[in-house]
Number of protein chains: 2
Amino acid sequence: MSRRSGILEFAVLGLLRESPMHGYELRKRLNTSLGIFRAFSYGTLYPCLKTLVANGWLIEEPGSASEEALASSLAGRRAKIVYRLTTAGKEHFEVLLSHAGPDAWEDEHFAARFAFFGQTERDVRMRVLEGRRSRLEERLEKMRASLARTRERLDDYTLELQRHGMESVEREVRWLNELIESERAGRDQRSGPDTPAPLDHDSGETGGLPRHGGSTRPDPSDDTAK
Amino acid sequence: MSRRSGILEFAVLGLLRESPMHGYELRKRLNTSLGIFRAFSYGTLYPCLKTLVANGWLIEEPGSASEEALASSLAGRRAKIVYRLTTAGKEHFEVLLSHAGPDAWEDEHFAARFAFFGQTERDVRMRVLEGRRSRLEERLEKMRASLARTRERLDDYTLELQRHGMESVEREVRWLNELIESERAGRDQRSGPDTPAPLDHDSGETGGLPRHGGSTRPDPSDDTAK
DNA sequence: AATTTCATGTAATTCGTTACATGATTCC
DNA sequence: GGAATCATGTAACGAATTACATGAAATT
C-alpha cells in the first residue's frame, strides 16, 4: 500500500543499506554524494521515511548515531532518530535492484539506478545500460526527424539550442557505449551461454571502468543550498 | 490572479506570438520545435490556455486554422479553437522577455528563455547567459567540494557518475562561453557605454553564432510519444 | 465501415515544494 | 547568552500527470 515515489524511496533504501543514518544526514547525502540528485526537501523526505517505517522496511532507533551517546540516558526528550534498514527492507531493496524495467531508463531514475550499480548484479547492470542507450537513441531519432522537418523555419538561436541538445544526448550515448564495453570486458573468463553472474559486492573487483583524467581540486566550502 | 507555472505560460505566449494555433498543434511544437522541452500533457496545456484567456492575453477564435474554412459556415458544433495573442498578451510577453532575474537561469527555464532569444534584446540575452553561467559555476564548485570531501569512500560507479555529471556541466559552461563571446563580437560597432541595443527581430542579422558541423539526416517518422 | 489521427476537455491523484513551527546543539 | 547549524516535523499549496470521456476528420 501507499505507492511512494520510487526514486526517493529507492535512494533512501540504498543509502541506508550502507549504514544507518538520521534524516538530516540522509538528505545531505541525497543532494551531494549521489551524482545527479536534485535536492529533496524535508517536507518530502520525512513523510517518506514514515511510510517506509510503516511498511516495515526501516526501524527508528533513538540517537547514538556518532558520539552523543553520553547524554542518551537522560530523559529522552526529542532525541535524534536514526533509521536502520530491516531484513525485510534489505530484501525489498534487493528486489528493486533486480528490476530492469522501462522505468529504469528515464533520466533521474537511471541516475539513481546507476548510483547503486556497485550492489547490482552484472546482467541487470547490462540490461539497464542497454535500455538507457536505446531510450536515448529513440530520442535522437525524434530530434533528428523534427529538426529535418522544421529546419529553415527556425531562427539561429532555436537551431543552436536543438543542436546543443542533440550533442548532449549523443555524448551520453558514447559514454554508455564505453560503459557497456567495459562491462563486457569484465565478463569474459570462458563465459558459457548462461553463466549466472555472481554478485561481486564489496569484493574489490569491478573489472575496471573506462579511465578518464579527473580534474578535481580540493575546496571546502558550504554545501547547503540557500 | 492565478499564478500559472511560468515556463509553460511563457512558451505558449512565445509560440503564439509567431502565429495563432490551436491547442493540439501547440503541444506538438512544445515537444519538438523547442530544444529541451519535456512533453506537457493536454491536462496541463488546456487549463493553462483557459487561464491565459481569462487574463486577456489570448482570445479564442473558431476554426479556419489551415484550410477547413469551407465547412465553417455549417452549424458550429465543436469547431477547433484557434488561440491568438491579444495586444495585452503581446505586451505581457514583452515584459516577461525583459525580466532577467534568478528564475531565468534554472535548467528548464533557461532553455525556454534561450528558445526565444531571437525576440530578446541583446543586453537581456547577455544577462541571462552570464547568469546561467555563474549558476553553473556555483554548481561546479559544490560538486568539486563534495567530491574532494567524499572521494575514497565511494565505489567506482558512484565516482564515475559524478565525474560524468561534472563533465556535462563543464561542457555547458564552455558552450555558454562561446555564446557569450559571439554575442560580444556581434555588439562592437563603436558601442558607447550605453547604446540602447535595438531589437533586431526578423531582420536577418544576428551577428553570427559559433559554427558547428551539424550532423542531421532526414527521417520522417512519427513524432508523438507513446 | 472501421481504424487511426486530430482535437478538446475534466477529475482524481501523485509528487514535491514553501512556509511554518519547534527544539537541541555548537560555536563565538 | 546569542547566532548559526543541526534536527524533526506539518499544513497548505502548486504543478503536472494519468486516466477518463467525448467527438470530428482523414485514411484505408
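Note on naming: letters A, B, ... go to the chains in the order of the sequence lines (proteins, then strands), and numbering restarts at 1 for each one.
- At D:dT8, none of the side-chain N or O atoms of A:Lys50 fall inside 4.0 Å of OP1 or OP2 (strictly under the cut-off).
- In this structure, B:Glu25 places its CD atom 21 Å from P of D:dA24, rounding to the nearest Å.
- Ring-centre distance between B:Phe116 and A:Tyr157: not below the 6.0 Å cut-off.
- When the side-chain nitrogen and oxygen atoms of A:Tyr24 are compared with OP1 and OP2 of D:dC6, one or more of them lie within a distance under 4.0 Å.
- Between D:dT8 and A:Tyr42, no contact under 4.0 Å exists linking OP1 or OP2 to a side-chain N or O.
- A:Arg27 forms no cation-pi arrangement with A:Phe40, by the criterion of a distance under 6.0 Å to the ring centre and an angle within 45° of the ring axis.
- Between B:Ser41 and D:dT17 there is a side-chain polar atom (N or O) within less than 4.0 angstrom of OP1 or OP2.
- Atom C1' of nucleotide C:dG16 and atom CD1 of A:Ile7 are separated by 12 Å, given to the nearest angstrom.
- The CD atom of A:Glu108 sits 19 Å away from the P atom of C:dT14 (whole-angstrom rounding).
- Distances shorter than 4.0 Å separate some side-chain N or O of B:Thr44 from OP1 or OP2 on D:dT17.
- Residue B:Arg27 contributes atom CZ, which lies 13 Å from atom C1' of C:dT8 at whole-angstrom precision.
- For A:Ile81 and C:dT22, the CD1 to P distance is 18 Å, given to the nearest whole Å.
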Next item on the list: Take A:Glu160 and B:Trp175, measure what side chain to side chain donor-acceptor pair (under 3.5 Å) needs, and give me the verdict at the end.
Entry: CA-CA 10 Å; A:Glu160 177 59 22; B:Trp175 181 62; 2.7 Å; yes

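- When atom types are taken as modelled, the side chain of B:Thr120 and the backbone of B:Arg125 share no donor-acceptor pair closer than 3.5 angstrom.
- Among the nucleotides D:dT8, C:dT8, D:dG9, the one closest to any side-chain atom of A:Tyr83 is D:dG9.
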